[in-house]
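Every value quoted in this text rests on a predicted model; they were computed, and no experiment measured them. Below, chain A is the first sequence line, B the second, and so on; all start at residue 1.
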Number of protein chains: 2
Amino acid sequence: MSTTSKENYLKAIYNYQSLESDTATTSNLANYLNVSNAAISDMAKKLSDIGLITYEKYKGMELTSKGEKIALNVIRRHRLWELFLMKVLELKWSEVHDEAEQLEHHTSEALIDQIDKFLNFPDFDPHGHPIPKKNGLLPKYPKTLLLSNAELNRNYVFVRVNDRESELISFLTNLGLILNTNLTVKEKFSFDESIVVRINDRNISLSKKVSENMYVQLI
Amino acid sequence: MSTTSKENYLKAIYNYQSLESDTATTSNLANYLNVSNAAISDMAKKLSDIGLITYEKYKGMELTSKGEKIALNVIRRHRLWELFLMKVLELKWSEVHDEAEQLEHHTSEALIDQIDKFLNFPDFDPHGHPIPKKNGLLPKYPKTLLLSNAELNRNYVFVRVNDRESELISFLTNLGLILNTNLTVKEKFSFDESIVVRINDRNISLSKKVSENMYVQLI
DNA sequence: TTATAAAATTAAGCATGCTTAAATATATTT
DNA sequence: AAATATATTTAAGCATGCTTAATTTTATAA
Ligand SMILES: [Mn+2]
Ligand SMILES: [Mn+2]
Ligand SMILES: [Mn+2]
Ligand SMILES: [Mn+2]
């Protein structure tokens, strides 16, 4: 019923659904999942048939409560694995996402609950994402904004990062830019939308690509 | 190239190949893997085409050194996962096999090496099976025989159990029959091939089905 | 040795999850 | 409001890994 592929589609739809800035369109999902638009249309029919999304041709799709429940469960497995791999098995910050991307589809309820327990029921994964609880609810997490939207000369703390590109994570690690680092935007260049941030008395230049994948919180 | 299905076939072939009492025939594999004979013939062609087994129609199949290497690698992942799940995540003796059956196909080299290291490079899994080393070699392990073939009134130690049926493992657990238990066969009944074994001053009757899945070592 | 039984293979077909190319619907310009 | 561009869906087809039914090969018995 819920294969690896279907789980990934549901997660992707959830992702767009929970964004206020974007929606789960066919093209968005195709791009996100690296498949053709035709594959999305195809799967939309199937997911709709089994009651996991609502779908009207040309109008887009939405998770049903059943579909959302599955999506959150997969996300829970993903994020618990990430934290476990990092804290217990010492995998790198940049490696855990790809590994979890596989494991999330092949982990029983009993196993994931043991991992949850072993980690003492954590609220956040290594990239600052909230971990859905066994009951399906997300823990409370703070309002954040993209670093690319942060204002000049105010104090922020780096609290979350998009983990889908391991290169980016490695890059940040090399810069010493780990979660919970304090920073201030000192300059913004409009010609390439790069910025200069001050971190621990060091000025670092970050491209648009980088700053729009980092989330910060005002302090 | 090497999918979940192919990995399972290679493991199954390895299994029969390493048995002196049986061989990797089409029917054996079909029965072991719970698929039709036709599926085995089909896959034999494919595995042969990609150089993982040698195969002559009606004559049977054998792993090439390339195929055996993959098989041993999957077995390594399987057994390391089993031990890790039991020792670290406290899954039950009867649960770890089914869980590992999935995880073995979705674990990177980096991760399995970390698990190996975390467990301090163990030689045996929870069911007494030797764990292939990173270099592809099996650790030395003692000569054993099936409990069903053990002689009356000699002292044996229970060292290995077939882990493919979780019901059997639960059954043994309930009897207190864990690995490294000493035992003596007191009676053998020919009419149903059941036996009576003496364990810790208790006499226990075991069916043929049970005794031919337990391996013992003479002491 | 020939007949029969058992084992293995081939043939045809199905589900899943993709692809590219063609068709159609929706959005944007003029 | 048409014309054009963009987004989406449909059509046809492919790979993988199965199935059942038919056929062929090999093994066993008479
Ligand atoms: Mn992730
Ligand atoms: Mn993450
Ligand atoms: Mn096992
Ligand atoms: Mn085992």
Side-chain angles (χ1 to χ4, degrees), chain A residues 1-17 19 21-63 67 70-71 74 101-102 104-106, chain B residues 1-17 19 21-63 67 70-71 74 101-102 104-106:
Chain A
M1 183 106 287
S2 226
T3 61
T4 291
S5 207
K6 288 189 174 62
E7 288 186 347
N8 283 332
Y9 276 78
L10 293 175
K11 241 185 10 164
I13 296 168
Y14 177 89
N15 184 262
Y16 280 99
Q17 219 170 258
L19 250 49
S21 56
D22 212 341
T23 57
T25 65
T26 297
S27 316
N28 277 343
L29 293 172
N31 179 60
Y32 189 86
L33 293 168
N34 256 295
V35 295
S36 67
N37 280 21
I40 303 290
S41 286
D42 215 51
M43 185 61 92
K45 250 173 277 164
K46 293 177 192 162
L47 291 174
S48 163
D49 281 350
I50 59 180
L52 301 181
I53 67 171
T54 58
Y55 172 55
E56 262 192 290
K57 284 197 292 193
Y58 298 101
K59 294 290 179 56
M61 49 204 101
E62 251 180 278
L63 294 174
I70 294 176
V74 180
E101 203 57 50
Q102 302 307 313
E104 67 186 0
H105 308 293
H106 306 95
Chain B
M1 182 104 287
S2 224
T3 61
T4 290
S5 207
K6 289 190 174 61
E7 289 186 346
N8 284 332
Y9 277 77
L10 293 175
K11 241 184 10 162
I13 296 167
Y14 177 89
N15 185 262
Y16 280 99
Q17 219 170 256
L19 249 48
S21 57
D22 213 341
T23 57
T25 64
T26 298
S27 316
N28 277 343
L29 293 172
N31 179 61
Y32 188 86
L33 291 168
N34 256 294
V35 296
S36 68
N37 280 22
I40 304 290
S41 286
D42 214 53
M43 184 61 92
K45 249 173 278 164
K46 292 179 195 162
L47 291 175
S48 164
D49 282 350
I50 59 180
L52 300 183
I53 67 172
T54 58
Y55 172 55
E56 264 193 288
K57 285 197 291 192
Y58 298 100
K59 294 288 180 58
M61 50 204 102
E62 250 180 277
L63 295 174
I70 295 176
V74 179
E101 203 57 50
Q102 302 306 312
E104 65 185 2
H105 308 293
H106 307 281

Side chain proximity check, [X] to [Y], heavy atoms < 4.5 angstrom:
X	Y	answer
B:Y16	B:T23	no
A:Y9	A:L29	no
B:V35	B:M43	no
A:S27	A:N37	yes

Could you check B:E104, B:H106, B:H105 and say which one makes a side-chain contact (heavy atoms from CB on, under 4.5 Å) with A:H106?
B:H106
So what does B:K59 touch, heavy atoms closer than 4.0 Å: a base, only the sugar-phosphate, or nothing?
nothing
Pairwise 5' ranking along DNA chain C for A:K57 and A:T3, keeping only the more 5' one:
A:T3
Find the distance between CD (B:E101) and OG1 (B:T4) and round it off to the nearest 0.5 Å.
10.0 Å
Taking atom OH of B:Y32 and atom CG of B:N15, what is their separation to the nearest 0.5 Å?
3.5 Å
Would you grab the first and last nucleotide of DNA chain C (5' to 3') that comes under 4.0 Å of any non-hydrogen atom in chain A?
C:dG17 to C:dT26
Is there a residue in residues 35-51 of chain B whose heavy atoms reach under 4.0 Å of DNA chain C, and which residues are they?
B:N37, B:A38, B:S41, B:K45
D:dT10, OP1 or OP2 - any side-chain N/O from A:Y58 closer than 4.0 Å?
no
Which heavy-atom pair separates B:I40 from B:L33 by the least distance, and what is that distance?
CD1-CD1, 4.2 Å
